[in-house]
There are 2 protein chains.
Amino acid sequence: MKTPFRNLADSQQYHILTTAMAEFSEHGYKAASTNRIVGAAGISKGLLYYYFENKEALYLSTAEFAYDHFTTHLLGRFMTEAEGFIERLARLSRIKHVYFTQHPEIARFVTHMYYAEGLLEAYQSKMQKLREWSLRAMYDNVDMTLFRTDIDRETAMKMIGWTFEGYIKEMEQYFEKEGIDFDQVDTYFEQFGGYLDTMRKLYYKEAGQ
Amino acid sequence: MKTPFRNLADSQQYHILTTAMAEFSEHGYKAASTNRIVGAAGISKGLLYYYFENKEALYLSTAEFAYDHFTTHLLGRFMTEAEGFIERLARLSRIKHVYFTQHPEIARFVTHMYYAEGLLEAYQSKMQKLREWSLRAMYDNVDMTLFRTDIDRETAMKMIGWTFEGYIKEMEQYFEKEGIDFDQVDTYFEQFGGYLDTMRKLYYKEAGQ
DNA sequence: GTCCTATTGACCAGCATGGTCAATAACTTT
DNA sequence: AAAGTTATTGACCATGCTGGTCAATAGGAC
């Protein structure tokens with residue numbers, strides 16, 4: 001990253017880096033095309049190489065920006081309150097969902113980084129930290145006594161996690177096909193609440209027991 | 001597909017087509033490389049174009065072979081017996097798993113076809129049939145009275161489906177990392193049975209009720 | 001006018017692509 | 001053994017895209 005890029009307005013930096021992220025997430029590092037990036041970003045080829053020394057430097061800047069943005073915007077909101085496992089996952093899902101809709105390119109790119117190999121050696125310790133921290137976000141300060149006692153806790157937690165994954169994936173597919181209807185947003189929340197109730201009925205002790 | 005290819009021994013046809021499938025599934029139609037295919041298949045470039053008129057014809061032959069193989073090898077085994085929903089999904093999972101380990105390239109390619117767009121217009125009606133048929137395989141002749149009555153059936157079935165998806169995905173990831181230990185295969189089955197028991201405890205009426 | 005920075009897009013060599021084709025190897029038939 | 005037919009090779013080609021360069025120029029500051 002060269003100084004001219006640093007002198008850019010934040011919004012323009014964000015614009016260029018997120019377009020690069022979209023390209024990198026979709027095609028991976030090698031197959032990503034700088035030509036497509038400049039086309040999508042609306043700048044000339046020359047200007048990109050006036051901002052960055054080469055493709056790799058662009059990727060690394062991109063990765064650093066994404067990592068920093070992700071951690072500063074999410075870590076803060078994840079302070080753990082005491083609550084049941086289902087409520088915890090519900091809260092995390094909502095927070096993630098907000099972030100994914102507000103910064104979709106960054107979110108997609110971070111998941112790409114999470115699984116990518118090769119160029120990222122410099123980031124693997126950071127990723128490791130992220131992994132550990134996301135574990136804490138899931139389990140720290142969770143009230144485990146809510147679970148019914150006749151089924152294994154580990155099993156229950158896995159199944160609950162898969163239920164959230166499945167539900168989120170289904171919603172994503174639905175929105176991708178049908179588009180989000182903002183008048184119906186209440187219905188979506190109701191439906192989500194219904195799933196939560198069902199899960200409580202399945203996995204928690206009966207009330208008052 | 002030209003006649004010389006038709007005159008080939010079945011095993012050689014299978015070999016070439018499955019190598020092509022691997023390439024197509026991994027990179028998609030456009031990014032797939034005929035050079036890599038001939039390299040992996042151990043034949044010369046010229047020979048490939050002696051067998052097929054061009055890349056598209058190769059893809060179409062590949063798709064047809066995969067579809068036929070998949071349907072003839074799976075549809076037969078899917079006759080529905082009366083059973084609970086959990087047992088049904090467990091049975092389907094086992095059948096699928098066997099097919100995926102015996103014909104991984106075909107299996108991967110069929111899922112690719114299932115989601116791919118563009119070149120497949122000719123196959124979309126076939127895919128539609130496959131979709132309908134897989135629905136029947138899931139729901140036909142299922143004993144719904146086993147479900148406990150205080151939770152919604154649709155919700156329960158979705159959650160059970162997600163549990164299977166999650167478990168299968170986790171197993172795949174585990175095997176990819178650690179490799180399959182054939183001495184431990186009993187443990188895997190035990191573990192799977194444990195999940196089934198838990199699910200029955202969660203979603204079915206208590207015995208004798 | 002004179003700097004200095006920002007910005008362009010034509011241009012380059014390199015590489016991989018899908019596809020061709022003359023040469024030849026390997027069988028069959030006579 | 002000769003002739004004919006089919007299988008098989010790999011060098012070769014035009015094309016298109018790649019990451020990256022650079023002379024030209026536009027814009028603003030002094």
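Everything quoted here is computed from the prediction, not taken from an experiment. Chain letters run A, B, ... following the sequence lines, proteins first and then strands; every chain starts at 1. The figures that follow rest on heavy atoms only: side chains count, while hydrogens, waters and symmetry mates do not.
Not one side-chain nitrogen or oxygen of B:N54 sits closer than 4.0 Å to the OP1 or OP2 atom of C:dG18. A sub-4.0 Å separation between OP1 or OP2 of D:dT21 and a side-chain N or O of A:Y49 is absent. Proximity of A:K45 to the phosphate of C:dG9: no side-chain N or O atom is located under 4.0 Å from OP1 or OP2. At the phosphate of C:dA16, neither OP1 nor OP2 sits under 4.0 Å from any side-chain N or O atom of B:N35. Within the structure, every side-chain polar atom (N or O) of A:S44 is placed at least 4.0 Å from both OP1 and OP2 of C:dG9. Here B:R36 does not reach the OP1 or OP2 of C:dA16: none of its side-chain N or O atoms lies under 4.0 Å away. Contact annotation: A:Y50 does not reach the phosphate of C:dT7 (side-chain N/O to OP1 or OP2, under 4.0 Å).
Using the six-membered ring where Trp is involved, A:F70 and A:Y99 have ring planes that are perpendicular, over 60° apart on the 30 and 60° scheme. Taking the six-membered ring where the residue is Trp, A:Y167 and A:Y195 present tilted rings, their angle falling between 30° and 60°. In this pair, B:H112 and B:Y59 present their aromatic rings perpendicular. The plane angle is above 60°, beyond the 30 to 60° band.
Using a 4.0 Å heavy-atom criterion, one finds that A:Y51 contacts the sugar-phosphate atoms exclusively. The residue B:A31 sits apart from the nucleic acid: no heavy atom pair falls under 4.0 Å.
Contact check for A:L48 versus A:T34: side-chain heavy atoms found under the 4.5 Å cut-off.
What separates NZ of B:K30 from P of D:dG16 is a distance of 11 Å, to the nearest Å. For the pair B:L47 CG and C:dA26 P, the computed distance is 14 Å after rounding to whole Å. Look at CG on B:L48: it is 15 Å from P on D:dA7, rounded to the nearest Å. Spacing between atom CZ of A:R6 and atom P of C:dA6 amounts to 13 Å, rounded to whole angstrom units. Atom CG of B:L8 and atom C1' of C:dC27 are 15 Å apart (whole Å). One can place CG of A:N7 at 15 Å from C1' of C:dT7, the figure rounded to the nearest angstrom. Between B:I37 atom CD1 and C:dA16 atom P the separation is 17 Å, expressed in whole Å. For the pair A:I43 CD1 and C:dT5 C1', the interatomic distance rounds to 16 Å; values are reported in whole Å.
Rounding to the nearest 0.5 Å places CZ of A:R131 at 4.5 Å from OH of A:Y114.
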